[in-house]
Amino acid sequence: MDFLSIARSRQSTRVYDGSRSVEREKLVACLEAARLAPSACNSQPWHFTVCIGDAAKRIAPCTQGMGMNPWTNEVPVFVVVSEAPYNLTAGIGAAVKRQDFKSNDIGIAAAYFTAEAAAQGLGTCILGWFDQKKLAKACGCSGRIHLVIAVGYPKEGDKLREKSRREFSALVDWVES
């Protein structure tokens with residue numbers, strides 16, 4: 001599948017087949033894609049904690065609250081993405097330029113992960129709603145958690161929704177000469 005096909009078909013899955021396990025080799029392929037994602041000075045300021053089975057059951061409640069994400073109880077795998085230190089050159093660059101490269105880099109890595117997941121036939125949903133302290137305790141993360149990626153097989157019949165996106169012309173300007 002070419003990348004534009006993946007971009008057109010990937011969606012945030014919120015209906016998972018909780019009875020179906022995700023094969024480790026598919027998770028490894030997604031993690032490898034994320035590992036290869038570009039980052040400032042190749043610093044890769046991220047760490048992935050993969051939570052499966054009972055560990056995933058401990059993560060689901062950490063992503064819920066105020067009516068948010070009740071569907072996460074059926075998610076078989078969560079990938080908790082936390083911050084890791086910059087390498088020396090990225091750290092200096094971030095300080096000098098007053099730029100948050102970590103958030104950018106983590107977002108790019110998450111995009112690579114979810115694109116590869118789509119290519120593997122998996123559904124994903126990137127979650128920003130979670131209880132930081134409970135989540136860190138549930139998965140043993142020490143770094144600041146930026147996001148959680150729900151991973152699994154979409155439940156049969158979960159149809160591709162029409163994408164609602166801004167028009168191309170509203171997002172792009174061309175400057176030439």
Please find the pair of heavy atoms, one from [X] and one from [Y], that lie closest to each other, and give the distance.
X	Y	result
Trp46	Ala37	CH2-O, 3.9 Å
Pro76	Gly152	CG-CA, 3.8 Å
Phe130	Leu147	CE2-CA, 3.7 Å
Phe3	Ala115	CE1-CB, 3.9 Å
Lys134	Asp131	N-OD1, 3.0 Å
Gln64	Pro70	NE2-O, 3.7 Å

Mind checking whether [X] and [Y] sit in one hydrophobic cluster, side chains of I, L, V, M, F, W, Y counted as touching below 4.5 Å?
X	Y	result
Ile106	Tyr86	no
Val80	Phe48	no
Ile149	Val77	yes
Ile145	Ile59	yes
Val172	Val175	no

Considering only heavy atoms from C-beta outward, does the side chain of [X] approach that of [Y] to under 4.5 Å?
X	Y	result
Cys51	Arg58	no
Val148	Thr72	no
Leu31	Phe113	yes
Cys30	Val151	no
Lys26	Tyr153	yes
Cys139	Phe78	no
Tyr16	Cys125	yes
Trp71	Asn73	no

Could you give the distance from [atom1] ([X]) to [atom2] ([Y]), rounded to the nearest 0.5 Å?
X	Y	atom1	atom2	answer
Asn104	Gln99	CG	CD	6.0 Å
Gln132	Cys141	CD	SG	9.0 Å
His146	Asp105	NE2	CG	10.0 Å
Thr114	Ile126	OG1	CD1	4.5 Å
Leu27	Gln120	CG	CD	9.0 Å

| message | One pair to check against side-chain contact (heavy atoms from CB on, under 4.5 Å): Val75 and Thr63. What are the steps and the verdict? | response | CA-CA 11 Å; Val75 174; Thr63 66; over 6 Å; no
| message | Between Ser103 and Asp100, do the side chains contain a donor N or O and an acceptor N or O under 3.5 Å apart? | response |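 Short answer, yes.
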| Does Gln44 reach the main-chain N or O of Arg35 with its side chain, forming a donor-acceptor pair under 3.5 Å? |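 Here the side-chain-to-backbone pair exists.
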When the side chains of residues 156-165 are checked against the rest of the protein, which donor-acceptor pairs come out under 3.5 Å, sequence neighbours left out?
{"residue": "Arg161", "atom": "NH2", "partner": "Ser12", "partner atom": "O", "Å": "2.7"}
{"residue": "Lys163", "atom": "NZ", "partner": "Arg10", "partner atom": "O", "Å": "2.4"}

